[in-house]
Q: 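Below is one structure. I have some questions about it.
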Amino acid sequence: MSNETTAPPLAHVDTAQINPHQPTADALVLFGATGDLAKRKLFPALYHLQHSGSLDVAVIGVARSDWSADDFRAHARESIKNHVDNADLSVIDALCDRLDLVQGNYADESTWNDLKSMLDKHDSEVAVYYMAIPPSLFPMVAEKLASVDLHHRGRIVVEKPFGRDYASAVELNKTLHSIFPEDHIFRIDHYLGKEAVEDVLVFRFANTLLEPVWNRNYVRSVQVTMSEEIGVEGRGSFYDSVGAIRDVFQNHLLQVIALLAMEPPAGADSGFLQDEKAKVFAAMRPMDCNALVRGQYVGYRDEPGVTDGTEVETFAAARLEIDSWRWAGVPWYVRVGKALEQDATEVVIELRDPPRMLFDEAGGPPPGRNLIRLRLGKNDGVTFALQAKTPGPNMDSEEIDVNVDFAAALGERQDAYERLLDDALQGSLRRFARQDVVEGTWRIVQPALDNGGTIHPYFRGSWGPTEADSILVNDDTWYPVSPT
Ligand code: BG6
């Protein structure tokens, strides 16, 4: 069957209904306040916001656990101390003064009435309801908020994964839209909150140097790698229910590709940016399973929480194509995986050879192609691999790197969650994912979810199964990622 017949339809969204600028919130309600995400990311992010003076709201946890507000404050205190280096105790105290707790079961009506009273106590008119809870609970929590009329008094932030496939994402959107309008649904993809990922936009559209070559006439291939050294440490049960394609490919990776591939937005408003992303996914062919290799690291099946004989992938490599005027014919190679040799989130734009090689008097191997490497992970920055004259009497060229390390050049930047929480409180949709874009990403990966094919074993610390080479065309090879 061809991809065209298996691919879900394109999604549409009524953009006229979307107001990209919502009023500033006066309370933050954390569902899942005692969970892992809150501990690792949200409390540290709140700490930083408090530290910079940007936090000016009550933070209300909702938790099923049998905790008092003081237990909750102690938990937040501990989380911050464990995740923020040299945390300032006076800042933690100031943050803890903002914390309050609604304790109760989500199924009980009293929990929702208590939440309402709590918001009244804090004179809240516009709350951010942050769902740091399993996605299966999103609809229930949204409905319960509506049952006490709190949906008119705030907006929701939902964590990924947004759905399990195209159909469930559409369904979830429908359910949430029956309660909240699109512009009150903030879908988090923390990659959109990373400075280095956002810099892709600035890099492309604030530098005249690049735009003329950023297309099929000059670009030979694009490679995107998201590799992690760790396996699924401690998250076996969650991970085994998703796999690499749902965990990072459908969301983080495709969002990065949208920024790399899109046309310049018509203006600065977030809607224009979302429009261009949606167009990329409309022009992208849904995954071709013949150009997809799934792998699983040896030892994954012994991880706690993983089902016996599981066929879930911890690695995926795919060749994508974008049938647009800018990109038709350019292969986009993408690989993601756990337990790989090195941590990296890196893009390599490979440019075409010059029409004639003039500088090869010594008759050595042909010079390497120009590469633009965008490092989007911890060591973020950019490297241009260029040719320069080899010293000596001959006219030969050799590769030199022109490299910028962003932390050194620009200083330390905010963490993704800090920025996203602040955006949600300020009411800015810019760094969140719109319905049609999310559905568009599921449309791309759906064939892989339906029929991902064989799973290939690979060893921890490798670059995945060697079969990943089979998706490369035109004698291409995977470029090694930048050393750390
Ligand atoms: C999460 C995935 O969304 O992103 C994890 O669930 C993954 O499996 C993580 O490790 C990677 O994020 P970062 O910011 O560390 O690159």
Side-chain angles (χ1 to χ4, degrees), residues 32 35-42 44-45 48 83 130-136 157-164 169 186-200 224-257 259 294-297 300 303-306 310 312-316 334-347 374-381 406-407 412-421 431-433 438 441-442 445 460 464 481-482 484:
D36 193 52
L37 182 75
K39 189 161 63 183
R40 286 184 304 110
K41 299 287 184 187
L42 303 181
H48 289 299
H83 292 93
Y130 196 117
M131 304 214 192
I133 48 178
S136 56
V157 176
V158 290
E159 271 291 336
K160 69 166 258 284
F162 193 88
R164 279 193 58 74
F186 286 55
R187 298 177 192 81
I188 283 224
D189 181 315
H190 79 277
Y191 267 54
L192 296 178
K194 291 188 181 227
E195 291 270 14
V197 170
E198 214 168 23
D199 185 58
V200 170
V224 188
T225 300
M226 180 184 168
S227 54
E228 295 178 274
E229 283 177 36
I230 57 162
V232 297
E233 277 82 350
R235 296 169 79 221
S237 141
F238 161 76
Y239 195 87
D240 210 43
S241 70
V242 289
I245 294 173
R246 287 188 175 94
D247 187 40
V248 295
F249 200 122
Q250 170 267 332
N251 37 73
H252 306 330
L253 248 292
L254 286 179
Q255 288 287 349
V256 168
I257 289 178
L259 294 174
R294 293 188 316 134
Q296 188 186 80
Y297 66 83
Y300 172 72
E303 299 274 8
V306 163
T310 177
V312 161
E313 77 283 345
T314 59
F315 173 95
V334 182
R335 55 182 174 167
V336 300
K338 298 263 187 206
L340 296 179
E341 187 177 317
Q342 192 186 314
D343 280 331
T345 306
E346 185 156 321
V347 177
L374 303 174
R375 297 188 304 279
L376 309 179
K378 289 203 181 74
N379 59 339
D380 58 350
F406 286 164
E412 286 305 321
R413 278 128 318 130
Q414 287 176 305
D415 168 72
Y417 271 95
E418 183 184 345
R419 309 176 78 214
L420 294 172
L421 259 179
R431 288 184 266 262
F432 293 84
V438 171
T441 57
W442 282 114
V445 300
R460 266 182 174 272
V481 300
S482 308
T484 43

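Numbering of ligands and ligand atoms starts at 1, following listing order. Any value given below was found using the heavy atoms of this structure, including those in side chains, with hydrogens, waters and symmetry copies removed.
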Q: May I ask which of Glu228, Glu233, Lys194 has a heavy atom nearer to atom 13 (P) of ligand 1 than the others do?
A: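 Selected option, by shortest heavy-atom distance: Lys194.
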
Q: Strictly below 4.0 Å, N to O, side chains only: are Arg375 and Glu346 in salt-bridge contact?
A: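 No, Arg375 and Glu346 are not salt-bridged.
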
Q: Show me which atoms of ligand 1 lie under 4.0 Å from any heavy atom of Lys160.
A: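 The atoms of ligand 1 under 4.0 Å from a heavy atom of Lys160 are 1 (C), 2 (C), 3 (O), 6 (O).
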
Q: Between ligand 1 and Tyr239, is the shortest N or O to N or O distance under 3.5 Å?
A: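 N/O-N/O distance below 3.5 Å does not exist for this pair.
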
Q: So is Asp247 touching ligand 1 or not, going by heavy atoms under 4.0 Å?
A: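 Asp247 counts as a contact of ligand 1 under the 4.0 Å cut-off.
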
Q: Does a side-chain N-to-carboxylate-O contact under 4.0 Å join Glu313 and Arg294?
A: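 A salt bridge is present here (some side-chain N lies under 4.0 Å from a carboxylate O).
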
Q: Starting from atom 16 (O) of ligand 1, what is the nearest protein heavy atom, named by residue and atom, and what distance separates them?
A: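 Going by distance alone, atom 16 (O) of ligand 1 is nearest to Tyr191 OH, 2.5 Å.
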
Q: Rounded to the nearest 0.5 Å, what separates atom CG in Asp36 from atom CZ in Arg235?
A: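 Between Asp36 CG and Arg235 CZ, I get 8.0 Å after rounding to 0.5 Å.
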
Q: For Met226, take its heavy atoms, then give the atoms of ligand 1 lying under 4.0 Å from any of them.
A: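 Here the atoms of ligand 1 in question are 11 (C).
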
Q: For the CG atom of Asp189 and the CD atom of Gln255, what is their distance to the nearest 0.5 Å?
A: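 Spacing of CG (Asp189) from CD (Gln255) equals 5.0 Å.
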
Q: Taking the basic N atoms (NZ, or NE/NH1/NH2) and the acidic carboxylate oxygens, is any pair closer than 4.0 Å for Glu303 and Arg460?
A: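 Arg460 and Glu303: salt-bridged.
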
Q: Can you tell me the protein heavy atom closest to atom 12 (O) of ligand 1 and the distance?
A: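 Going atom by atom, the protein heavy atom closest to atom 12 (O) of ligand 1 ends up being His190 NE2, 3.2 Å.
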
Q: Identify the residue among Phe186, Tyr191, Phe162 that makes a ring-ring contact (aromatic ring centres under 6.0 Å, His included) with Phe432.
A: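 Only one of Phe186, Tyr191, Phe162 forms a ring-ring contact (aromatic ring centres under 6.0 Å, His included) with Phe432, namely Phe186.
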
Q: Which distance, rounded to the nearest 0.5 Å, do you find between the CG of Leu37 and the CG of Leu42?
A: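 So the gap between those two atoms works out to 4.0 Å.
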
Q: Can you confirm, on distance only, whether ligand 1 has an N/O atom lying under 3.5 Å from any N/O atom belonging to Lys338?
A: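 It does: an N or O of Lys338 is found under 3.5 Å from an N or O of ligand 1.
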
Q: Can you list the atoms of ligand 1 that are under 4.0 Å from a heavy atom of His252?
A: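 Answer for ligand 1: 1 (C), 3 (O), 4 (O).
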
